[in-house]
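Treat the numbers as computed from the prediction; the structure is a model and nothing was measured.
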Amino acid sequence: MSADKVLVTGATGFLATHVVDALLSKGYKVIGTARSEAKYEPILKEFQSKYPQGSISFEIVRDMAVANAFDDVLKKHVDIKHVVHTATPVVFGLDKSPEEVYRAPAVEGTKNILSATKKYAPQVEHFVITSSQGVMLEFNKPIQPLINEDYWSSLTWDQVGDNEMMGYCASKKLAEEAAWEFMKTESPNFALTTLTPPYIFGPQVFDSQVGEKLNASNQLVLGVLSIDPTSTDAQKDNSNLYVDVRDVAFAHVAPLSSTDMNNKRLLPVAGAFCNQSLLNVMNKIPSLKGKVAVGDVNYINSEEYQKIKCTFDNSLTVKLLGNIQFKQLEKVVSDTIEQYSRVNKL
């Protein structure tokens with residue numbers, strides 16, 4: 001158990017609330033940031049109820065892309081020992097440019113929190129940043145190459161145009177590159193660890209967080225429920241990699257108590273999936289039997305899918321995380337659907 005104080009940016013988000021939960025469960029004290037009191041108040045009450053002896057509070061950072069956005073927080077809390085920077089927009093369908101929605105918050109927000117930490121919090125030991133497997137996606141290749149902890153895509157901001165997914169991935173790449181460049185040029189006291197998770201599935205920490213729509217990744221899971229239930233066609237869309245949110249949260253907290261992950265990149269990935277994989281799992285859930293498409297259950301074993309399936313080697317990450325056993329798709333999807341069904345009476 002640790003009594004160290006941790007600053008968690010964007011602490012009301014899907015992943016971030018799991019990070020906060022993991023920290024509080026281990027005795028860490030948490031300072032979260034949010035854009036408004038209305039944004040954090042319900043989450044704060046939930047955590048105070050779950051951890052009555054825990055220490056959690058929030059500070060408001062309305063726009064992390066604004067210069068000096070985090071300065072006052074770091075000045076106020078002089079005993080923060082670790083920073084976990086999860087804040088970044090993952091919202092699609094907004095009537096705004098990728099520059100405004102993704103690049104500015106991701107890149108400038110990262111630079112702001114790094115600079116403020118170095119300037120006002122020399123006591124900080126570890127800095128953890130949520131990057132994304134999106135920094136490894138090759139949009140100009142029909143089949144993705146095998147990725148590992150050292151892989152970077154060839155994507156540049158000039159290629160983005162008005163493509164939201166490319167805007168998100170390029171912004172995450174620029175933000176992570178900015179972080180590593182900061183470490184190289186500024187030589188701060190703290191060590192850096194970045195995490196590059198793929199699609200993050202799994203339940204919310206609290207049922208109160210569950211609405212009719214979920215976060216962007218989990219919305220892919222819900223999306224297959226709208227496929228024609230009588231379809232027997234292989235559902236080939238959304239071929240990518242996945243990981244459980246609880247495992248990613250664990251991977252964010254682990255570097256705070258170990259120097260093994262200092263200045264390392266982690267690739268927390270459980271496996272590959274596509275829509276057919278999701279359907280195969282859902283058809284094993286008794287409450288959904290007959291309500292969702294069957295598709296072609298054998299597609300995921302087909303030569304076609306094996307040829308295009310995303311591949312990875314994260315053996316270094318597994319080792320650094322104590323030979324972690326990542327939760328597999330059946331557990332991840334079942335827990336997600338079970339919670340969603342409980343709240344929304346699916």
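- Atom OG in Ser208 sits 11.0 Å away from atom NZ in Lys45 (nearest 0.5 Å).
- The line from CG of Leu267 to OG of Ser315 is 10.0 Å long, rounded to the nearest 0.5 Å.
- Minimum heavy-atom separation, His252 to Leu15: CE1-CD2, 3.8 Å.
- In this structure, the side chain of Glu138 engages the main chain of Ser154 through a donor-acceptor pair within 3.5 Å.
- Between the CD1 atom of Ile337 and the OG atom of Ser287 there is a distance of 8.5 Å, given to the nearest 0.5 Å.
- Using the six-membered ring where Trp is involved, Tyr40 and Phe58 have ring planes that are parallel, under 30° apart on the 30 and 60° scheme.
- Minimum heavy-atom separation, Ala293 to Ser231: CB-O, 4.0 Å.
- Distance alone, capped at 3.5 Å, places no donor-acceptor pair between the Thr259 side chain and the Asn262 backbone.
- The neighbour count for Lys118 NZ, taken as heavy atoms of other residues, nucleotides or ligands under 6.0 Å away, is above 12.
- A salt bridge does not link Lys29 to Asp79: none of the charged nitrogens lies less than 4.0 Å from a carboxylate oxygen.
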Worksheet entry | Verdict with supporting geometry, Thr156 and Asp158, side-chain hydrogen bond (donor to acceptor under 3.5 Å, both in side chains) | CA-CA 5 Å; Thr156 67; Asp158 290 340; 4.9 Å; no
*asked:* Go through it in stages, so that I can follow the logic: the residues are Thr12 and Gln209, the test is side chain to side chain contact (heavy atoms under 4.5 Å, CB included), and I'd like the CA-CA distance, side-chain angles, deciding distance and then a yes or no.
replied: CA-CA 10 Å; Thr12 62; Gln209 297 173 273; over 6 Å; no
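- Atom-to-atom distance recorded for Ile200:CD1 and Leu241:CG is 12.5 Å, nearest 0.5 angstrom.
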Practice problem: Evaluate side chain to side chain contact (heavy atoms under 4.5 Å, CB included) for Glu177 paired with Trp152, printing each intermediate quantity in order. | Solution: CA-CA 10 Å; Glu177 287 176 334; Trp152 292 86; 3.6 Å; yes
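- Between Leu23 atom CG and Asp4 atom CG the span is 10.5 Å, to the nearest 0.5 Å.
- The pair Asp244-Lys331 fails the salt-bridge criterion, with no side-chain N (NZ, NE, NH1 or NH2) lying under 4.0 Å from an Asp/Glu carboxylate O.
- Shown here is Lys319, whose NZ atom has no more than 12 heavy atoms of other residues, nucleotides or ligands within 6.0 Å.
- Val128 is not connected to Ile80 by any chain of hydrophobic side-chain contacts under 4.5 Å among Ile, Leu, Val, Met, Phe, Trp and Tyr, and they are in different clusters.
- Remark: the backbone N or O of Gln276 is not paired with any side-chain donor or acceptor of Gln235 at under 3.5 angstrom.
- Under a hydrophobic-cluster definition in which Ile, Leu, Val, Met, Phe, Trp and Tyr are linked whenever side-chain heavy atoms come within less than 4.5 Å, directly or via other members, Phe47 and Val253 are assigned to the same cluster.
- Under a 3.5 Å cut-off, the side chain of Asn314 and the backbone N or O of Val269 do form a donor-acceptor pair.
- Atoms OG1 and CD1, from Thr336 and Ile285 in turn, are 9.0 Å apart once rounded to the nearest 0.5 Å.
- Within the 4.5 Å cutoff, no side-chain heavy atoms of Val292 are placed close to those of Val224.
- Note on Glu176 versus Lys172: no salt bridge recorded, every NZ/NE/NH1/NH2 to OD/OE distance being 4.0 Å or above.
- Residues Leu137 and Leu155 share a hydrophobic cluster, clusters being chains of Ile/Leu/Val/Met/Phe/Trp/Tyr side chains in contact below 4.5 Å.
- Side-chain contact between Asn148 and Leu316 is absent, with no heavy-atom pair separated by less than 4.5 Å.
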Exercise. Before giving the answer on side-chain hydrogen bond (donor to acceptor under 3.5 Å, both in side chains), spell out for Asn215 and Asn218 the whole-Å C-alpha distance, their side-chain angles and the decisive distance to 0.1 Å.
Key: CA-CA 6 Å; Asn215 60 293; Asn218 274 331; 3.0 Å; yes
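- With respect to the salt-bridge test (charged N to carboxylate O, under 4.0 angstrom), the residues Arg265 and Glu149 do not qualify.
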(request) Could you walk me through whether Asn238 and Asn275 pass side-chain hydrogen bond (donor to acceptor under 3.5 Å, both in side chains), step by step? (result) CA-CA 6 Å; Asn238 297 318; Asn275 279 0; 3.1 Å; yes
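- Contact record, Ala121 with Leu74: CB-CD1, 3.5 Å, taken as the closest heavy-atom pair.
- Taking the side chain as every heavy atom from C-beta outward, Glu59 and Phe70 never approach each other to under 4.5 Å.
- A pairwise comparison of heavy atoms in Ala179 and Thr110 identifies CB-CG2, 4.2 Å as the closest pair.
- More than 12 heavy atoms of other residues, nucleotides or ligands shown are found within 6.0 angstrom of NZ on Lys264.
- Glu186 places no side-chain N or O within donor-acceptor distance of the main-chain N or O of Ser115, the cut-off being under 3.5 Å.
- No donor-acceptor pair under 3.5 Å is formed between the side chain of Ser132 and the backbone N or O of Thr196.
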* Could you give me the CA-CA distance, side-chain angles and deciding distance for Phe190 and Leu114, then say whether side chain to side chain contact (heavy atoms under 4.5 Å, CB included) is met? => CA-CA 10 Å; Phe190 53 78; Leu114 285 165; 3.9 Å; yes
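- At a threshold of 4.5 Å between non-hydrogen side-chain atoms, the residues Val221 and Met282 count as touching.
- Around the NZ atom of Lys5, the shell of radius 6.0 Å holds more than 12 heavy atoms that belong to other residues, nucleotides or ligands.
- Side-chain contact between Ser25 and Tyr51: present, with at least one pair of heavy atoms (C-beta onward) separated by less than 4.5 Å.
- A 6.0 Å sphere centred on CG of Asn140 holds more than 12 heavy atoms belonging to other residues, nucleotides or ligands.
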Candidate pair Thr9 and Val61, rule side chain to side chain contact (heavy atoms under 4.5 Å, CB included), full reasoning: CA-CA 9 Å; Thr9 68; Val61 175; over 6 Å; no
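- When atom types are taken as modelled, the side chain of Lys236 and the backbone of Tyr305 share no donor-acceptor pair closer than 3.5 angstrom.
- The aromatic rings of His126 and His82 sit tilted relative to each other, their planes meeting at an angle between 30° and 60°.
- Not a single donor-acceptor pair under 3.5 Å links the side chain of Thr33 to the backbone N or O of Ile60.
- Looking at Ser171, its side chain never comes within 3.5 Å of a backbone N or O of Ala106 through a donor-acceptor pair.
- Taking 4.0 Å as the cut-off between side-chain N and carboxylate O, Asp21 and Lys50 count as a salt-bridged pair.
- Nearest approach of Lys327 to Val332, heavy atoms of both residues: O-CG2, 3.8 Å.
- Pairing each heavy atom of Leu266 with each of Ala251, the nearest pair is CD1-O, 4.1 Å.
- Distance alone, capped at 3.5 Å, places no donor-acceptor pair between the Glu125 side chain and the Gln123 backbone.
- At a threshold of 4.5 Å between non-hydrogen side-chain atoms, the residues Tyr151 and Leu146 do not count as touching.
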(request) Take Lys309 and Gln306, measure what side-chain hydrogen bond (donor to acceptor under 3.5 Å, both in side chains) needs, and give me the verdict at the end. (result) CA-CA 5 Å; Lys309 184 171 73 172; Gln306 295 305 312; 3.3 Å; yes
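- The shortest side-chain heavy-atom distance between Pro188 and Thr117 does not fall under the 4.5 Å cut-off.
- Taking the six-membered ring where tryptophan is involved, the planes of His18 and Phe14 are perpendicular, since the angle between them exceeds 60° and thus also 30°.
- Each of Leu321 and Ile129 belongs to its own hydrophobic cluster when Ile, Leu, Val, Met, Phe, Trp and Tyr are linked at side-chain heavy-atom distances under 4.5 angstrom.
- In this structure, Val30 is not a member of the same hydrophobic cluster as Val83, with clusters built from ILVMFWY side-chain heavy atoms closer than 4.5 Å.
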